[in-house]
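Below: the structure, in structure tokens.
Since this is a predicted model, take the numbers as computed values, not measurements. Per chain, numbering begins at 1; letters A, B, ... match sequence-line order.
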There are 2 protein chains.
Amino acid sequence: MSPEQPSPRIRKSPEQVRSAVHQAVIDLLSDPEGADLTIPAIAQRAGVNHTSIYRRWGSREALLADVVTTRLERDWPLKDTGSLRGDLIAWAEAGVASIRTPEGRLLIRAVALSMPGSHTAQGERAQQFQRRIAAIESIRERAAGRGESPPSLEQILDQLIAPLYLRAIFGIDPPASGYPELLVNRLLGGAPGA
Amino acid sequence: MSPEQPSPRIRKSPEQVRSAVHQAVIDLLSDPEGADLTIPAIAQRAGVNHTSIYRRWGSREALLADVVTTRLERDWPLKDTGSLRGDLIAWAEAGVASIRTPEGRLLIRAVALSMPGSHTAQGERAQQFQRRIAAIESIRERAAGRGESPPSLEQILDQLIAPLYLRAIFGIDPPASGYPELLVNRLLGGAPGA
DNA sequence: CTCGCGAAGCAAATATCTGTGCTTATGATG
DNA sequence: CATCATAAGCACAGATATTTGCTTCGCGAG
């Protein structure tokens with residue numbers, strides 16, 4: 001069957017391990033069968049020895065946090081569009097795009113998730129969320145620097161972040177079109193002033 | 001130490017078991033140390049044998065769902081105040097009150113939580129959330145019956161439910177006062193028309 | 001080219017969780 | 001008061017996950 005050698009041992013390099021494990025987490029997370037995200041399962045899927053994972057990441061929590069951070073910062077970046085409205089819409093668009101994929105949903109849900117991970121859970125999760133909040137803060141600061149007066153963080157939290165996260169966590173599809181604009185219009189008021 | 005007998009076996013009645021187990025789940029959930037919510041841990045905390053839990057609830061998912069449902073429906077009930085605005089504010093107030101207690105936060109978070117519960121997880125969780133949605137739907141229907149024209153479910157989701165859930169899940173305190181009214185005013189528009 | 005450090009793989013031990021058969025207390029029923 | 005169904009507790013077995021000691025490869029420094 002396998003065109004490969006019956007090779008007794010092909011050792012992966014550290015980078016290969018990292019990459020394979022990350023991918024395995026994503027795969028299992030996306031798996032509609034709801035495969036359980038245990039270290040042994042991840043290891044098998046990634047084709048690495050489970051001890052490699054235990055030793056490198058120490059816990060599932062830490063691994064999850066690593067994967068989530070990496071992916072989220074890649075898929076949900078900040079853009080500088082030159083205006084507050086533009087920045088917020090861009091951010092919301094990236095969010096909506098993320099939410100539309102099963103992978104993205106699960107990823108975001110994983111931030112809120114955790115369960116039997118004990119104490120580290122809280123810390124890691126909070127940190128992830130803090131990172132997202134920090135992104136929003138930098139948008140506000142840029143706006144303030146341009147002389148615009150951005151809404152309070154609370155307002156953005158309630159009207160922009162919350163709807164996106166809720167939908168991600170509970171798997172509710174966002175409206176088919178114009179959703180980012182809708183949210184931002186509600187937040188900033190009526191029509192695109194600038 | 002213990003003023004009790006070294007009693008070889010004091011068997012709890014089914015109701016005592018149910019009550020003790022529920023309380024144990026709440027306790028562990030509230031525990032800042034982030035104790036892991038495993039059946040054996042819950043059993044020990046409740047002072048019951050773990051097999052009693054396995055046999056009665058079958059899985060951690062089912063147990064969690066039971067506890068959450070029970071508590072949530074007790075602490076976050078629906079009231080009929082006679083107006084859409086009143087109903088929504090009452091609902092939001094109950095939510096805010098819930099969110100202010102560590103227990104309430106964790107409870108709501110538990111709805112979104114779960115993780116290594118595999119497939120059943122999705123179903124149970126979705127059901128919990130559906131129940132909450134149904135509550136909102138009934139508010140809308142009552143309003144429609146009175147001739148009022150309630151906002152769409154989507155709008156309520158985005159502007160009322162989402163902010164509360166987000167804060168519960170990530171442990172963000174709601175504004176000190178007037179928050180329920182603030183949310184409902186945003187949703188229904190300006191001032192209390194009636 | 002050789003040496004040596006860091007990390008992957010292997011195997012086996014340990015700890016935990018999950019589930020089963022059986023005994024026996026508890027509370028309801030007649 | 002006697003009987004009986006239900007469910008709790010106990011002991012133990014099976015399956016998984018977690019951890020550790022040791023070996024061996026890959027790769028860069030000298």
Side-chain angles (χ1 to χ4, degrees), chain A residues 2 4-25 28-29 31 33-66 113-121 124, chain B residues 2 4-25 28-29 31 33-66 113-121 124:
Chain A
S2 82
E4 320 216 11
Q5 303 169 346
S7 53
R9 251 136 126 197
I10 310 176
R11 169 174 300 186
K12 288 180 165 64
S13 75
E15 174 51 31
Q16 283 176 312
V17 168
R18 202 191 82 95
S19 165
V21 168
H22 273 224
Q23 189 56 47
V25 169
L28 291 180
L29 218 43
D31 187 338
E33 303 305 329
D36 44 332
L37 216 50
T38 64
I39 305 274
I42 295 167
Q44 186 181 19
R45 174 100 190 193
V48 306
N49 193 286
H50 63 270
T51 59
S52 299
I53 296 181
Y54 280 116
R55 286 216 239 256
R56 194 195 287 213
W57 283 279
S59 72
R60 190 180 55 211
E61 264 310 315
L63 171 56
L64 268 264
D66 180 26
L113 223 76
S114 86
M115 209 47 299
S118 70
H119 46 81
T120 56
E124 296 293 347
Chain B
S2 81
E4 320 215 10
Q5 302 169 345
S7 53
R9 252 135 127 198
I10 311 178
R11 169 174 298 187
K12 287 181 166 64
S13 76
E15 174 50 31
Q16 284 176 314
V17 168
R18 202 193 82 94
S19 165
V21 168
H22 273 225
Q23 189 56 48
V25 169
L28 292 179
L29 218 43
D31 186 338
E33 302 304 330
D36 43 330
L37 218 49
T38 64
I39 305 274
I42 295 168
Q44 185 181 23
R45 174 100 190 194
V48 306
N49 193 286
H50 64 270
T51 59
S52 299
I53 296 181
Y54 280 116
R55 286 216 241 258
R56 197 203 275 225
W57 284 278
S59 72
R60 189 180 56 211
E61 266 309 315
L63 171 56
L64 268 264
D66 180 28
L113 222 76
S114 87
M115 202 55 284
S118 70
H119 46 81
T120 56
E124 295 291 349

B:Gln44: which residues meet the side-chain contact (heavy atoms from CB on, under 4.5 Å) condition with it, sequence neighbours left out? none
Return the 5'-most residue of the pair B:Ser13, B:Ala41 with respect to DNA chain C, ranking by each residue's nearest nucleotide. B:Ala41
A:Trp57 CH2 to D:dT18 P: how many Å, rounded? 15 Å
Here the distance between atom P of D:dT19 and atom CZ of A:Arg56, to the nearest Å, is 17 Å
Got a sec, which residues hit salt bridge (charged side-chain N to carboxylate O under 4.0 Å, His left out) with A:Arg18, two or more places apart in sequence or on another chain? A:Glu15
Could you state the CG-P distance from A:Leu63 to D:dT18, rounded to the nearest angstrom? 11 Å
Using residues 46-55 of chain B as the side-chain source, report each donor-acceptor pair under 3.5 Å to any protein atom, sequence neighbours left out, with the distance given to one decimal.
{"residue": "B:Asn49", "atom": "OD1", "partner": "B:Thr51", "partner atom": "N", "Å": "2.9"}
{"residue": "B:Asn49", "atom": "OD1", "partner": "B:Thr51", "partner atom": "OG1", "Å": "2.8"}

Applied to residues 43-53 of chain A, the salt bridge (Lys or Arg N to Asp or Glu O under 4.0 Å) test, sequence neighbours excluded, yields A:Asp27-A:Arg45
Taking CD1 from B:Ile39 and C1' from D:dT16, how many angstroms apart are they, rounded to a whole number? 16 Å
Between atom CG in B:Asp36 and atom P in D:dT18, what is the gap in whole Å? 11 Å
Does C:dT24 have OP1 or OP2 under 4.0 Å away from a side-chain N or O of B:Arg11? no
Hey, are the side chains of A:Leu37 and A:Leu64 touching, using non-hydrogen atoms and a 4.5 Å cut-off? yes
To the nearest Å, give me how far apart CZ (B:Arg18) and P (D:dA8) are. 12 Å
Measure from CZ on A:Arg60 to C1' on D:dT16 and round the result to the nearest Å. 13 Å
With side chains defined as the heavy atoms from C-beta onward, is the minimum distance between B:Lys12 and B:Ser19 less than 4.5 Å? no
Any residue in residues 46-55 of chain B with a heavy atom nearer than 4.0 angstrom to DNA chain D? Just list them by number, or reply none. B:Val48, B:Asn49, B:Thr51, B:Ser52, B:Arg55
Which whole-number value in Å describes the distance from A:Ile42 CD1 to D:dT16 C1'? 14 Å
